[in-house]
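The structure appears right after this line, and notes come after that.
Chain letters run A, B, ... following the sequence lines, proteins first, then strands; residues in each count from 1. Everything quoted here is computed from the prediction, not taken from an experiment.
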Protein chains: 2
Amino acid sequence: MGRGKTELKRIENSTNRQVTFAKRKNGLLKKAREISILCDADVSVVMFSEAGNMTEYSSAPLIEQLARYQKESGKTLWDAKHERLSAEIDRVRKENSNLQIELRHLKGEDLKPLSPQELHALENALEDGYAGARAKIKEHHRKLKKNGRLLEEENKRLSATYVSAAAAKQMEHGSNVKVELRNGVGCI
Amino acid sequence: MGRGKTELKRIENSTNRQVTFAKRKNGLLKKAREISILCDADVSVVMFSEAGNMTEYSSAPLIEQLARYQKESGKTLWDAKHERLSAEIDRVRKENSNLQIELRHLKGEDLKPLSPQELHALENALEDGYAGARAKIKEHHRKLKKNGRLLEEENKRLSATYVSAAAAKQMEHGSNVKVELRNGVGCI
DNA sequence: ACCCCTATATATAAAGG
DNA sequence: TCCTTTATATATAGGGG
C-alpha cells in the first residue's frame, strides 16, 4: 500500500519500522472502531510496540471481553496465567541461584561440593578471567584519564548516582553476595 | 472503500451487516498479522460478532499480552494474587540482571558506564577477591588430595553429575555470561 | 452464507521539509 | 520525530451467481 510493494517480513531499517508502526497502528485502530460501529460487534485490540509502548482499543470493557473469551474458547485465562507465573518464578529463581553460585565460586566460597577437577578448572577460570578483566579495566581506566579533568568531574557526578542506585538495590533485596560485591565496587 | 462511501454508523440491513463483518474481520486480522510481522510488535485482537461468534488473533500468547496490559495500564484484570506473583517475577528478574552485570564487570566487560573511581574499586575487588579465592581453592584442593584415591573416585562421580547438570542448565537458558563461566568450570 | 468481480475509497510507502 | 504530499497498493461496497 504505497509506492513500493512491501514484503511481509520484519522491516530491517529501524526508523522505517517505527514510522510504519505508527501509521499502521492508527490504521488498525481505525478499522477496529469502524467494524465495531458498522457491524455492531465487540472488538478489543491490545498492541505493544517494539519499545514496549502499549496501545489499546476496546469497544466494551476489556475485562468483559475476556470473560466472554474464556466462556467461548473454553480456555481458562486466569488459572492458566497462574500456572505460567508460577513456572516463570521457578525458572527465574533457579537462574538467580545459579548466578549466585557462580559468583560465590569465583569468590572462593562454597567450594565443598566441587571435585578436584572442577576446582582445577575454577582456578584456571579465575586466572584467565582475572588477567583479562584486569587488562581491560586498566585499558579503560587509562582511556578515561586521557580525557582530563572535565570528564572526570562528570564521572564523579555519575559515580555518586551509581553508588546511591547500588545502595537502593541493596535495601531492596540484600543478597549477601551482591551486597558484598556492591560494597567493593561502590565504596572507596 | 468500495463503490459507495459508507457512513460510520451501524449498517441497518442485517444481511449487509453480516457480510461486511465477515469481510472486515478478515481485513482486520490481516492488518494485525502484518503489523506484528513488519514492525516486530505484539498485537492481540479479540472480536465478537453480533451473533456472539468469537475470533481471536494474538502474535504472542494472549495471557502474556494481558499481563503486560495490566502492568502498563494499571488496570486490574484479575486478582491480587497474580499481581503478587508478577511482582515477584519482576523482582527476581531485576536481581538476575544485577547479578549478570556484576559478573560482566568482574570479567572486564561493559566497563564503559563506570567512572574512574568505580573502575579503581573494581580493580581492588578483583585483586582481593582473586587472592582470597585462590587461597581458599588451593587449600580446599590440598585437603581433598589428602583423602586419597577413594575419595577422588567419589569426586569424579560427583563431577560427572555436576558437569551434566551444568550442561543441562546451559541448554535451558544459555546466558552468555553463564555459559562461558560454566564452560570454564565444567570442562577443564 | 459464500464466492467472484470490479469500481472506488482508503491506507500507506517513499520522499522532502 | 512528525507532518505533508504524492503515487500506488489494498480493502471493500455493491452486485451477480
Please check if the side chain of B:T55 supplies one atom and the backbone of B:M47 the other of a donor-acceptor pair under 3.5 Å.
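Checked: no pair found.
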Could you see if B:I63 belongs to whatever hydrophobic cluster contains A:L85? Use Ile, Leu, Val, Met, Phe, Trp, Tyr and a side-chain cutoff under 4.5 Å.
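Shared cluster, no.
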Group every Ile, Leu, Val, Met, Phe, Trp and Tyr by side-chain heavy-atom contacts under 4.5 Å, then state whether A:L103 and A:L99 land in the same group.
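Yes, it is one cluster - the side chains of A:L103 and A:L99 are joined through contacts under 4.5 Å.
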So if I apply the salt bridge (charged side-chain N to carboxylate O under 4.0 Å, His left out) rule between A:D40 and each of B:R17, B:R10, B:K9, which one comes out positive?
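Result: among B:R17, B:R10, B:K9, B:R10 is the only option passing the salt bridge (charged side-chain N to carboxylate O under 4.0 Å, His left out) with A:D40.
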What is the distance, rounded to the nearest whole Å, between atom [atom1] of [X] and atom [atom2] of [N]?
X: B:K25; N: C:dC2; atom1: NZ; atom2: C1'; result: 12 Å
X: A:L38; N: C:dA9; atom1: CG; atom2: P; result: 16 Å
X: B:K23; N: C:dT8; atom1: NZ; atom2: C1'; result: 13 Å
X: A:R3; N: D:dA7; atom1: CZ; atom2: C1'; result: 4 Å
X: B:N26; N: C:dC2; atom1: CG; atom2: C1'; result: 12 Å
X: A:R17; N: D:dT1; atom1: CZ; atom2: C1'; result: 16 Å
X: A:I35; N: D:dA11; atom1: CD1; atom2: P; result: 14 Å
X: A:N16; N: D:dT1; atom1: CG; atom2: P; result: 10 Å

Let me know, please, whether A:A22 or A:M1 comes out on the 5' side of the other along DNA chain D by nearest nucleotide.
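Nearer the 5' end of the strand: A:A22.
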Give me the residues of residues 4-14 of chain A where at least one heavy atom lies under 4.0 Å from an atom of DNA chain C, by number, or none.
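Residues of residues 4-14 of chain A that come under 4.0 Å of DNA chain C are, in numerical order, A:G4, A:T6.
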Among C:dT6, C:dA1, D:dA11, which is the nearest nucleotide to the side chain of B:Q18?
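Between C:dT6, C:dA1, D:dA11, the one nearest the side chain of B:Q18 would be C:dA1.
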Picking from D:dT1, D:dA11, D:dG14, which would you name as closest to the side chain of B:E34?
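Of the options given, the side chain of B:E34 lies nearest D:dA11.
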Would you call A:R91-A:E95 a salt bridge at under 4.0 Å N-O?
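Yes, charged N to carboxylate O under 4.0 Å.
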Is it true that B:E88 and B:R84 have a side-chain N and a carboxylate O under 4.0 angstrom from each other?
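Salt bridge between B:E88 and B:R84, a charged N being under 4.0 Å from a carboxylate O: no.
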Any donor-acceptor N or O pair under 3.5 Å, side chains B:Y57, B:S36:
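Yes, because at least one side-chain N or O of B:Y57 sits under 3.5 Å from a partner of the opposite role on B:S36.
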Can A:N96 and A:Q100 be counted as having a side-chain donor-acceptor contact under 3.5 angstrom?
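Yes - a donor-acceptor pair under 3.5 Å links their side chains.
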CD/A:E12: more than 12 non-hydrogen atoms of other groups inside 6.0 Å:
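Count over threshold, so yes.
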Once you apply a heavy-atom cut-off of 4.0 Å, does B:T20 come out as touching a base, just sugar-phosphate, or nothing?
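The residue B:T20 makes sugar-phosphate contact but no base contact.
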Divergence of helical axes at both termini of the helix from C:dC2-D:dG17 to C:dG17-D:dC2 - five pairs an end, 10° steps:
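Inter-axis angle at the termini of the helix from C:dC2-D:dG17 to C:dG17-D:dC2: 40°.
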